[in-house]
Amino acid sequence: MTAPVYRGSPAVGHLAQWFVARPWRALTLILVFALSIRIATFGDPALHVDESFYMLVGEMMRHGAVPYVDVWDRKPFGLFALYFLFSVLHEGPLGYQVAAWLFAAATAFVIHRIALRFAGPLGSLLAAFVYLAALGGLMGMGGQAPVFYNLFVAIAFALVIASIEPLNQGRLPVALYVAMLSGGIALTIKQTSVFELGYLGLFAVFAAARAGVPLRRLVPATLGFILVGLLPSAGIALWYAQAGHWQAFYDAMVTANLGRPAPELWISLSRLGVMMLIVSPLAALAVASGVIAMRRSVRPPLFGFLLGWIAVACVGIAVVPNYYLHHALPLAVPLSIAAALVLDRPRLGSASALIVIGFFCWRADAFDFSWHEQTRKDMGVLAQAMAEHAPNGTALIFDGPPYLYAMSGLRPLSPLVFPSHLNKTAERRTSGIDAIAELQAVLAEGPGAIVIASEPRRRSINHEALQRVRDYAASQCRPVAAARIRQIDRDTRFEVFGDCEPEP
């Protein structure tokens with residue numbers, strides 16, 4: 001395929017070609033761009049409650065805690081293993097945030113390399129930049145799970161795309177098994193990546209069958225794809241079984257996920273509407289590229305493969321109908337790749353990329369250093385107050401950033417460390433532990449400090465639980481600190497009640 005002619009802006013085309021001529025140049029450019037739109041967040045310990053919790057679990061694991069046993073959640077083990085590794089490399093938020101920058105840049109580089117198969121240097125680079133900006137606009141400016149597993153999914157798809165020609169020739173290259181393994185690693189970080197992994201496996205099998213690969217080779221290959229894809233998850237499950245924690249692992253991975261209650265329909269629909277609105281600029285670029293692909297007949301099989309990828313990413317979003325904005329992050333990978341054709345047009349592509357990148361950076365307040373600096377200070381105030389006013393070294397963060405446990409050095413009194421598992425009505429029994437009974441036990445043991453939001457942060461708050469905590473704070477503790485913390489999705493005033501003296 002010949003390189004596009006940049007009649008409108010030859011300087012732009014020549015510059016893009018210079019960067020793409022050596023992969024390390026393109027990677028360096030992508031790293032620098034990714035850093036420029038993420039560096040403001042570095043060191044912020046309260047970007048999002050999810051990341052605050054993952055970071056806490058990683059550090060707890062460093063001190064011997066076992067996920068699902070000592071600290072409960074329904075996320076797969078691979079996510080916590082990553083945060084454990086990040087905490088080993090650097091304690092505190094900077095460890096995972098630097099890692100998230102590197103993972104995001106690496107994913108963008110894979111996007112660039114895939115896009116080069118049907119678009120020119122300019123479009124492929126701009127596709128990488130658009131992806132990086134979209135992460136921030138979709139609440140992925142920090143360490144949400146897709147920021148990490150998107151890399152493994154993108155690598156898997158890149159390997160399968162590279163295998164299309166051998167498949168059409170009736171060969172089953174080793175790259176297909178490596179792709180399944182990469183997808184299997186993604187599966188240990190987020191369960192919904194199973195749809196993308198399954199799509200890859202089916203695509204490879206049907207492509208091989210269409211090319212005339214006999215059943216005597218196809219059946220073992222299919223079983224091999226399945227086994228390799230499940231290998232990382234199976235290894236984790238076997239470890240829990242031999243350690244005597246199989247039931248805890250099974251309940252967290254299966255029972256709790258299948259039994260997770262869906263939000264009310266109007267809440268789901270309103271969140272879905274917001275998600276679609278925020279994703280729409282990126283989707284519009286992909287649609288425009290699709291129109292160009294049909295008109296030019298540019299590698300139609302590959303573009304059809306991308307459409308399938310977009311479809312299964314949508315399925316992964318649909319099966320968990322909470323529709324939080326960050327659930328759309330996996331969709332950013334195939335949409336960014338698909339957008340490369342329209343982005344490859346010097347004037348239209350550059351202008352479109354500038355608008356879309358600007359929109360997502362505006363959504364993320366990507367260059368607001370003062371926000372994150374203030375959060376660092378305010379979190380320090382809350383943590384210091386907790387540490388100085390918890391006589392027995394324990395605390396209960398009923399509604400607040402979980403990482404305050406680590407910052408204050410205080411110990412939680414329950415495996416239900418993630419605040420929603422104690423304070424959200426819908427989560428009352430999904431962990432297998434009755435939240436009200438567990439909260440009663442925690443308050444009876446007597447936490448030395450309490451953290452609570454001045455006003456409930458969600459309509460689904462368990463008011464019975466909230467009242468119990470407020471009664472405890474009012475009767476057994478005294479207010480010692482308060483600070484307003486701005487997070488990605490909300491701005492909340494948190495109060496610390498300390499010097500708690502439980503009744504004998």
Side-chain angles (χ1 to χ4, degrees), residues 49 52-53 55-74 80 244-245 247-248 251-252 256 379 382-454 456-457 461-482 494-504:
V49 67
S52 182
F53 174 65
M55 184 168 44
L56 173 66
V57 176
E59 296 196 9
M60 291 176 70
M61 289 173 67
R62 222 175 67 236
H63 295 98
V66 178
Y68 322 122
V69 179
D70 302 305
V71 55
W72 190 87
D73 198 58
R74 56 169 62 86
F80 299 124
H245 301 313
Q247 194 60 49
D251 288 343
M379 284 285 287
L382 296 180
Q384 183 176 354
M386 291 172 65
E388 293 177 352
H389 296 278
N392 61 1
T394 65
L396 167 64
I397 300 175
F398 180 76
D399 192 1
Y403 195 65
L404 284 171
Y405 282 118
M407 291 181 67
S408 64
L410 301 181
R411 177 172 57 87
L413 294 170
S414 167
L416 302 184
V417 175
F418 190 62
S420 291
H421 297 153
L422 277 176
N423 68 32
K424 195 174 179 180
T425 301
E427 294 282 0
R428 175 165 178 173
R429 294 185 176 87
T430 55
S431 67
I433 304 171
D434 185 278
I436 294 295
E438 184 71 3
L439 183 62
Q440 281 184 291
V442 168
L443 295 177
E445 193 166 342
I450 298 280
V451 179
I452 191 170
S454 298
R457 295 192 294 164
I461 193 80
N462 188 320
H463 289 282
E464 180 185 353
L466 176 62
Q467 193 56 52
R468 289 176 185 270
V469 174
R470 282 181 170 169
D471 289 345
Y472 178 89
S475 61
Q476 313 298 328
C477 317
R478 68 183 184 89
V480 294
F494 295 108
E495 298 174 275
V496 176
F497 294 85
D499 299 324
C500 303
E501 297 180 359
E503 295 177 351

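Along the sequence shown, residues carry numbers from 1.
Distance check, rounded to the nearest 0.5 Å: CZ of R428 to CD1 of I433 gives 13.5 Å. Note that CG of D399 and CG of L466 are 8.0 Å apart. Values are rounded to the nearest 0.5 Å. How far CE of M379 is from CZ of F494: 8.5 Å, rounded to the nearest 0.5 Å. Within the model, atoms CG of D434 and CZ of R429 stand 4.5 Å from one another, a figure rounded to the nearest 0.5 Å. Here the straight-line distance linking atom CD1 of I397 with atom CG of L404 works out to 4.5 Å at 0.5 Å rounding. Distance CG/L422 to CG/L396: 6.5 Å, rounded to 0.5 Å.
Around the CD atom of E388, the shell of radius 6.0 Å holds more than 12 heavy atoms that belong to other residues, nucleotides or ligands.
For F53, the ring pair (Phe, Tyr, Trp, His ring centres under 6.0 Å) test picks out F418, with sequence neighbours left out.
The two residues I450 and L443 come nearest to each other via the heavy atoms CD1-CD2, 4.5 Å. Among all heavy-atom pairs drawn from F80 and P67, the shortest one is CD1-CB, 4.1 Å. Nearest heavy-atom pair across Y403 and L56 is CD1-N, 3.9 Å. Considering all non-hydrogen atoms of both residues, G446 and L413 come closest at C-CD1, 4.3 Å. Counting all heavy atoms, side chain and backbone alike, W72 lies closest to A256 at CZ2-CB, 3.5 Å. Looking at every heavy atom in both residues, M386 comes nearest to L410 through O-CD1, 3.5 Å.
Contact of the H389 side chain with the V496 side chain is not registered, since no non-hydrogen atoms from C-beta on lie closer than 4.5 Å. In this structure, the side chains of V49 and P402 come closer than 4.5 Å at one or more pairs of heavy atoms. By the 4.5 Å heavy-atom criterion applied to side chains, S414 and E438 are counted as neighbours. In this structure the side chain of L382 never reaches within 4.5 angstrom of the side chain of M407, judged on heavy atoms.
A side-chain donor-acceptor contact under 3.5 Å links T425 to the backbone of I461. Between the side chain of N392 and the main chain of G448, a donor-acceptor pair closer than 3.5 Å is present.
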Can you check side-chain hydrogen bond (donor to acceptor under 3.5 Å, both in side chains) on Y405 and E59, steps first, answer last?
CA-CA 10 Å; Y405 282 118; E59 296 196 9; over 6 Å; no
Please test D70 against M61 for side-chain contact (heavy atoms from CB on, under 4.5 Å), starting from the C-alpha separation and ending with a verdict.
CA-CA 9 Å; D70 302 305; M61 289 173 67; over 6 Å; no
Applying side-chain contact (heavy atoms from CB on, under 4.5 Å) to Q467 and H463, what does each step give before you reach the verdict?
CA-CA 6 Å; Q467 193 56 52; H463 289 282; over 6 Å; no
side-chain contact (heavy atoms from CB on, under 4.5 Å) assessment of N462 paired with E427:
CA-CA 9 Å; N462 188 320; E427 294 282 0; over 6 Å; no
Give the intermediate values and the outcome of salt bridge (Lys or Arg N to Asp or Glu O under 4.0 Å) for residues E495 and R470.
CA-CA 11 Å; E495 298 174 275; R470 282 181 170 169; over 6 Å; no
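Among L416, V66, V417, the one residue that satisfies the side chain to side chain contact (heavy atoms under 4.5 Å, CB included) test with V71 is V417.
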